[in-house]
Amino acid sequence: MRSRRWWRFALPLGVVAGLALTTGIVHAVEQPDPTDASFLSPTSDAGDGARLLAADLAGAGVRVSVRTRSREAIAEAAAAGPVTVFVTTPGLVHPSSLDLLSTLPPQVRVVLVAPGEDELAAAGFDIPVRGPRWTAAAPQPGCSTDFASAAGPAAVQRRQYGAAAYPAVRCYDDALVEFPTGRATITLVGAADPFRNDRADEHGNRVLARGLLGRDPTVIWLDLHEREPAPDDGAGRPNREDEQDPGADGSGDGQGRDGDRSGDDAGQDPAGDPQDGQGDGRGDGESAQGGGNAVTDSPLARAFPPAVWATLALLALAALALAAASARRLGAPVAEPLPVRVRAAETVRGLGGLYQRAGARSTSLATLQSAARRRLAEHYGLDADTPTDEVAERVAATVGRPVVEVRHLLGGGVEDSDEELARAATTVQNLVRFVTGQQHWQQGPDEGNET
Amino acid sequence: MITRRFALLLALGLPLPALLPGPWLLTAAVLGLAGLAATLDVLVAAPLNGVTLRRSGEATVWLGGTATVTLTVGNGSGRPLWLRLRDRWVPSAGADNTEHRLNLLPGEEQEIITTLRPTRHGDRPAVRVTLRSYGPLGLAYRQRRQRWDRAVTPEATLRVLPRFPSRRLLPEKLAKLRIFDGSVVTRGRGQGTEFDVLREYVIGDDVRSIDWRASARTHDVVVRTWRPERDRRVICVLDTGRTSAARIGDEPRLDAAIDAALLLAVLAAKADDRVDLLALDTAVRAKVEGGGHRTKLPRLIGAMAALEPALVETDFGLVAGELLRRDHKRSLVVIFTALDAAPIVEGLLPMLSRLTTRHRVVLASVRDPETAQLAQLPPEGATAAEVHVAAAAELALAERGRVRALLEQQGVLVVDELRDAFASKVADVYLMLKAAGRL
């Protein structure tokens, strides 16, 4: 009763929880993954690719330059004239490169697709991010920029950027924000949907994407699909001078700029570190990279202040102490041999099972019939080895049935089905009970002889 | 060793590194202080060597009853003792509360009373008393190894006597015994009687019992009086082999046998016969013989208490070896075993003829009602599986019948009864034999 009530309570909740879980998993699986090679790739025809967009841009006379390393893209942008840098996966760009984006020259526009708060912080912007929403919404533009008004509603609202601190152009309920820094102009787009092949034809997505990226004669398309290593990797040593290397591939101008910036970086970070504390872990780590040991240098160690680690260590020790205190028993349990338990009719049941498995129907029936004959003979005061015919005659006389029928009952042949066997055996026993103990077994001869 | 309180102390120190500067230093400080306190605590705790343990209380109890055992704990050390102890008995001893906390001042003693409700008969030992002495702060304690605990544990064993439900039959059986005692007195000499004393003739005495020779020596007419034979020998042979492990109803066959043997022993002791016990499977498990009448019964009961069924085939050759020793007088041998074909036919039958020539043999077996029930099919709706099992049961019954016939052919009295009537029936056979003077 109690368990049924429990089920009545648990079952609906379980179903709902199961549905929610399934939905969550499916949604997570359905999300485009920035690490897929096809994600916003200008050459991909897949749903989350952006070949349509690249073709549109080419059709509009915009030169698309695809880069797979952020430093290369930055160097090229710094060297070129008016250019749009299209960063499809800001989350995968190395933080130090993100930082460089805002230092690009004023004629450069940088379009970031759905950056998170961490990426924005790494790029040096203090912009609170709301979202992400479950899916991208398509609000009215709500601003008068030409690309937005041309596009109308577009599916950009997954994340929203509170860029109140900047003199920003804010469209689509803060989902598309464009603001000038001292140098390059930064555009934050709240969702990847407008650029994707499969969403291009929804709302004004296609027009918006083309409008956003087609404002300059050149688009530098940063097509990045794995987390970038530190840009210094190639040189082996995390040295400030080496950081110029990627720039050296581009042009002399970029090289100089890079060098300047990295010099700033090195100067600022140690100062910025203490007051930032927990918030700016990356900057902290970068400065520590030169000195410190391997453990304290690991990104995980840098993610939290030492107070957290110390508290955790103490907590772990307390847990360990609790485990140790609980582990010592006040004497081990005492073992004792259990007495032997054997069911009385075990062999009988076992033998019955063997008969059944062997299909020994005739043997079983014959055993029961001979037992019945013995009992009947005993009842009539005959010898135990009286022939079946004689017993059958006596029984037939008592029961009032033909001798042949009774004789068949008491010495009948082989039965070939389980039902037949059960019926025959029951009939024999009923017959014996009827003959030997009528006063106890209130059964008519009809019941005893139903064959 | 530390306690949970130590862990709690560490947990209480958690906010310190979180809130104050210098987190690692504070962590070390918390740890160090707690460790120091625990060390001091364990040093101040009273040493376990000073604890004295004594035990007293009941040593025997009937199965189903309760026994109380007292453990006296004394503090022989010079310091106050915060003690936690666990008095472990074997599980079947049914100790109620095993864990105790005691605070003892130096020189103080305290008693711990444990109530035992044993669930099985036999010897139920106390295994070990585990001692744990806490420091005054309760942060740490002293506890020695198990071996040490076992060494300081005072020996105690509770002997649990087997269940004896047929005790209630005793008055009836004794009354029967007295009746034929009386009938022997009035009947005079005959089978199963022996000469008692000479006394004066009173009117009504059988004139045939007048002892003329004695009358000639005295001035009165003297008659001989007779009494039932005494000092006959009864030997209870308990088979503790595999067939005794089978459970008839709720208890093993051996328990039923012990019950019946106890009734028989008490009855025979009251009738001034000598009762011996032999329990065996592949080896002799218990043997009680000789000794005075008075101490015999307790010895028998004690020996039976320790019997347990073993999963081995009983060696009836041992029985013959014991019973055919030359000095053994003619006795009533009651073999408590099962009427199973294989062990009887292969084990007992070959030596039965030698046994029956020297002794009167009774074979007592508790009948298992389940086999008979399985042999009966329901009036309708039986399945093939039931039919096969019924056939197997019929075979077993027929086999039992054959074994019984074989035994009776050899002159063995067979008692094959259901559990309820078993002990009574065995006692009746004894009384019948005694009355007939065929012991």
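In the text below, chain A, chain B and the rest are named by the order of the sequence lines, each starting its count at 1. Just so it is clear, the values below take in all heavy atoms, side chains as well, and ignore hydrogens, waters and symmetry mates.
Heavy atoms of other residues, nucleotides or ligands lying less than 6.0 angstrom from CG of A:Asp389 number more than 12. The number of heavy-atom neighbours closer than 6.0 Å to CG of B:Leu25, taken from other residues, nucleotides and ligands shown, is 12 or below.
Most heavy-atom pairs under 4.5 Å with chain A: of the set B:Arg242, B:Arg247, B:Glu308, this distinction falls to B:Arg247.
Nearest heavy-atom pair across A:Ala332 and B:Gln146 is CB-NE2, 3.0 Å. Taking every heavy atom of both residues into account, B:Glu99 and A:Leu330 meet most closely at CG-CD2, 3.9 Å.
Within the 4.5 angstrom heavy-atom criterion, only backbone atoms of A:Ala360 (N, CA, C, O) approach chain B. Contact annotation for B:Val90: both backbone and side-chain heavy atoms come within less than 4.5 Å of a heavy atom of chain A. At a 4.5 Å heavy-atom cutoff, the contact between A:Gln356 and chain B is made by backbone and side-chain atoms alike. Heavy-atom distances place no part of A:Arg357 under 4.5 Å from chain B, backbone and side chain included. Using a 4.5 Å cut-off between heavy atoms, A:Leu320 does not touch chain B at all. In this structure, chain A has heavy atoms under 4.5 Å from both the backbone and the side chain of B:Arg86. At a 4.5 Å heavy-atom cutoff, the contact between B:Ala18 and chain A is made by backbone and side-chain atoms alike.
Without hydrogens or angle criteria, A:Asp418 side chain to B:Ala384 main chain gives no donor-acceptor distance under 3.5 Å. Of the possible polar contacts, one joining the B:Arg88 side chain to the A:Gly331 backbone as a donor-acceptor pair under 3.5 Å is found.
Here the options are B:Leu395, B:Leu374, B:Leu397, the test is side chain to side chain contact (heavy atoms under 4.5 Å, CB included), and the partner is A:Val348; only B:Leu374 passes.
Interatomic distance, B:Glu394 CD to A:Gln369 CD, rounded to the nearest 0.5 Å: 11.5 Å.
The interface of residues 5-17 of chain B with chain A, defined by heavy-atom distances below 4.5 Å, comprises B:Phe6, B:Ala7, B:Leu10, B:Ala11, B:Gly13, B:Leu14, B:Pro17.
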